[in-house]
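Excluded from the calculations below are hydrogen atoms, water molecules and symmetry mates; all remaining heavy atoms, backbone and side chain alike, are included.
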Amino acid sequence: MLLNRSVQTRHSFNFSKKLAIIIIVIYILWNSMILILNTDDLSNEVSVVTEKEESYDKFKLEEVAKFDGTQEIGEEFENEVINDEVIIENGNNKYQNDQKNEVSIEPPINEDDDEDNEFIKPEDQIDEPSSLTEDEKINIKYCGEKTCKFMFTYFQPEQETRANIHLRIYTHLARSLNRIMVLPNVGHSRIRACSPFRFDFYYDIEKLKNQYPDIKFITQPEFLEWTKQRKTKPNAQHAWMIQDGRNDSLSVREHRNMAVEQGIKFGSIRKRKVCLDQFDLNITDYKEFHTGIPKPSDFHEKMLKFLTKVLSETTNYEVIMILNRSPREMLPLIHKQIPYSPYIYQQSREVIDKLRPYIAIHWRMEQATPENMPRCAKHLLKTLLRVKKSHGIKNVYLATDYPLLGGKAQSETFYVISKFHTKAMDILGVPITDGKSSNNTDGVDNKINTNIDAEGLEDLVEDEIKENLINDDETISNTWVSLKRFQEYRNNSEYEEEFKGSGIHGILDKLLCINADYFLSGPKGCARVVSSFTRLIRHERQELYKTRNSKLKNVINFWER
């Protein structure tokens, strides 16, 4: 009986033990099921915490990772990471990191919220701008961009009036090539690199920019400074514009039709002659552009397209240097002049206000027969007296290429001043200096020379007109010299040469002829009839004559021969 009880007790203990084990197992399984069922929700909670709570700040976690303390701290950190790994793995989170200990450091990123999220992946970071080279910094300073593209018509053979035309038509090419246009220096009635003064000595750069708002401009001194500051020489292309059919020194390379050919490389002597040597450029390509001999009606448009096509093929050149040897315009004409400097306009307005109403005479003696000059002067006086009487105009202004300051003529192509030219000025009573110094105005006789050759006038005028000629003390006493124009510059030795030949005073003459109440020009045999100077005056006076409030009495008349 005792034995049976003992056996019964043992079985009861074993049963209780098994029952406890079963209950524990069931409990474990039940908790596991709950864990599995809630994995997705738990995973979402981890994502939210990662985005919002400081405990997932990667910079703080990196700081914790730097601890090198006791084993307990290391074990705690490791266990936290492992637990997170289990949760994320069970939840099949798509942002799990395969590398151990990196799950919580690189939390998930919402790509749509990159701008607002403080966590930025390395591949999404904006690259810092690469450091600029010295040449790029210089380019930005002068051009506003890392790469500069210039076009520079640095040499032209013509005097100011035609050079003005050539310069403005080359704006077509600068625009079509999308290049910055370099404005050459000026001086001695020229527009080219050899000249001594800045472009704004003759012209108003701000008004020029307004006239061509889609083109960038830079002056020659600024361009020169750019070339000098560059660490590496700017690479350049040279374009030589040649008018065929002129029988000059380039005739051996003439082309019947419009053409381009490889040009000759300029040596030091040739570069110095056209002032190309002052620019520190690496010119690696020389091209010649030929107009061809026959000129079709649409020549200018065809030439522009041709030049644009050829010069656009090699865009790697930073500079295109243009040498213009063509007196004829190669590109479409632009009739509107480049505006002159405010100082020149001021000088002209003062004379106009002082003399108006006045008669302006343009006498270009160049190419006329010298022996005719005295007789031409007498015929001019005869015409002048009749105009003064019929229109009631007293004052007269003379624009001429005769050297009013002595020395060289006011035209660079007027080489020989004969005694006949001087006699003509004496007949007109034009005040002339002693010629010793361009700064000396004391030698100017501001009154007409009354010792007119009356005998020589007997076969030309009646007694009444002859008497008026002799007694008229104000016939032709006004020139830019006698009116003391540009005194500030004339008294400055730096500008002395500008007034000994053609120069800024030629622009003043042009403006005064354009605005005169009455305009006279020399007839064939007495003067050069066809000139760009006279043609421009005629064109501008025609435009003024059309206006309602015009004070002009005529456009142009030639005095009697």
Side-chain angles (χ1 to χ4, degrees), residues 157-162 165 189 245-247 327-329 358-388 390-391 393 396-404 408-430 452-453 456-462 465 469 475-476 479 502 506 509-510 512-514 516-543 545 552-561:
E158 300 297 314
Q159 293 198 41
E160 190 276 327
T161 300
R162 289 194 63 81
I165 296 171
S189 195
R246 288 180 55 81
N247 296 320
R328 176 175 180 156
E329 296 83 6
Y358 67 98
I359 300 167
I361 302 167
H362 177 228
W363 191 354
R364 188 166 183 178
M365 294 180 165
E366 178 195 357
Q367 296 184 358
T369 305
E371 290 78 9
N372 289 346
M373 294 298 98
R375 189 174 186 84
C376 290
K378 296 169 186 176
H379 281 283
L380 169 58
L381 286 176
K382 178 182 176 182
T383 303
L384 189 58
L385 283 175
R386 286 176 177 167
V387 172
K388 292 176 73 173
S390 61
H391 291 284
I393 301 174
V396 179
Y397 181 87
L398 175 66
T400 180
D401 55 357
Y402 184 87
L404 299 175
K408 295 185 295 184
Q410 293 181 203
S411 170
E412 289 189 2
T413 52
F414 187 9
Y415 302 112
V416 180
I417 310 297
S418 70
K419 62 181 181 179
F420 301 106
H421 297 102
T422 303
K423 180 65 176 176
M425 291 294 104
D426 185 56
I427 291 171
L428 296 177
V430 177
I452 295 175
D453 185 1
L457 293 176
E458 288 179 356
D459 60 339
L460 297 174
V461 295
E462 300 171 357
I465 297 178
L469 281 171
T475 304
I476 305 178
T479 66
S502 57
D509 281 346
K510 188 192 310 179
L512 293 176
C513 288
I514 290 171
D517 297 79
Y518 199 95
F519 179 57
L520 284 172
S521 189
K524 188 175 181 180
C526 292
R528 180 176 175 177
V529 179
V530 180
S531 73
S532 56
F533 189 92
T534 309
R535 189 162 52 245
L536 174 67
I537 294 172
R538 182 202 296 262
H539 172 76
E540 294 296 323
R541 288 183 63 83
Q542 282 175 339
E543 296 301 311
Y545 194 74
L552 274 60
K553 308 296 183 184
N554 75 331
V555 175
I556 184 172
N557 283 83
F558 298 95
W559 70 75
E560 301 172 14
R561 286 193 291 176

Item checked: Check: Arg364 main-chain N/O paired with Asp401 side-chain donor or acceptor under 3.5 Å -> no
The reported gap from SG in Cys513 to CD1 in Ile556 (rounded to nearest 0.5 angstrom) is 9.5 Å
Donor-acceptor check, side chain of Arg528 to backbone of Trp363, threshold 3.5 angstrom: yes or no? no
Ala368 and Gly525 have their tightest heavy-atom pair at CB-O, 4.0 Å
Across all chains, not counting sequence neighbours, the salt bridge (charged side-chain N to carboxylate O under 4.0 Å, His left out) partners of Arg162 are Glu158, Glu329
Separation between CG (Asp509) and CD1 (Ile361), nearest 0.5 Å, reads 12.0 Å
* Does Ile417 offer a backbone N or O that forms a donor-acceptor pair with the side chain of Tyr402 under 3.5 Å? -> no
Shortest non-hydrogen pair, Leu428 vs Ala377, comes out as CD2-O, 3.7 Å
Check your understanding: Mind checking whether Lys378 and Ile427 have side chains closer than 4.5 Å, heavy atoms only?
Key -> yes
Notebook entry, point to check: Is the closest side-chain heavy-atom distance between Arg538 and Val555 below 4.5 Å?
Noted result: yes
- Query: Going by heavy atoms in the side chains, are Asp517 and Ile359 under 4.5 Å from each other?
  - Reply: no
*asked:* Are Arg386 and His391 packed together at the side-chain level, in the sense that at least one heavy-atom pair is separated by less than 4.5 angstrom?
replied: no
The ring pair (Phe, Tyr, Trp, His ring centres under 6.0 Å) partners of Tyr397 (sequence neighbours excluded) come to none
One should read off an interatomic distance between Lys382 NZ and Glu560 CD, to the nearest 0.5 angstrom, of 4.5 Å
- Query: Can any side-chain N or O of Thr161 pair as donor or acceptor with the backbone N or O of Ser532 at less than 3.5 Å?
  - Reply: no
task: For the pair Glu540 and Lys510, evaluate salt bridge (Lys or Arg N to Asp or Glu O under 4.0 Å) and give the outcome as yes or no after the intermediate values.
output: CA-CA 10 Å; Glu540 294 296 323; Lys510 188 192 310 179; over 6 Å; no
(request) For Arg328, look at atom CZ and say whether over 12 heavy atoms of other residues, nucleotides or ligands are found less than 6.0 Å away. (result) yes
Across all chains, not counting sequence neighbours, the side chain to side chain donor-acceptor pair (under 3.5 Å) partners of Ser418 are His421
Here the pair of heavy atoms bringing Arg541 nearest to Asn554 is NH2-O, 2.7 Å
May I ask you to test the Met365-Met373 pair for a side-chain heavy-atom distance under 4.5 Å? yes
By salt bridge (charged side-chain N to carboxylate O under 4.0 Å, His left out), Glu543 pairs with (sequence neighbours left out) Lys546
Student check: side-chain heavy atoms of Ile537 and Phe519 closer than 4.5 Å: yes
Taken to the nearest 0.5 Å, the spacing of Phe533 CZ from Ser502 OG works out to 11.0 Å
Applying ring pair (Phe, Tyr, Trp, His ring centres under 6.0 Å) to Phe420 and not counting sequence neighbours gives none
One should read off an interatomic distance between Met425 CE and Leu398 CG, to the nearest 0.5 angstrom, of 5.5 Å
Val529 and Pro523 have their tightest heavy-atom pair at CG2-C, 3.8 Å
Here the pair of heavy atoms bringing Leu520 nearest to Phe558 is CD2-C, 4.5 Å
Scanning both residues in full, the closest heavy-atom pair of His379 with Trp559 reads C-CD1, 4.1 Å
Contacts of Cys376 meeting disulfide (SG to SG under 2.5 Å) (sequence neighbours excluded), chain-then-number -> Cys526
dist Leu381:CG -> Lys388:NZ (nearest 0.5 Å) comes out at 9.5 Å
State whether the side chain of Thr534 and the backbone N or O of Ser531 hold a donor-acceptor pair below 3.5 Å, judged by distance alone. no
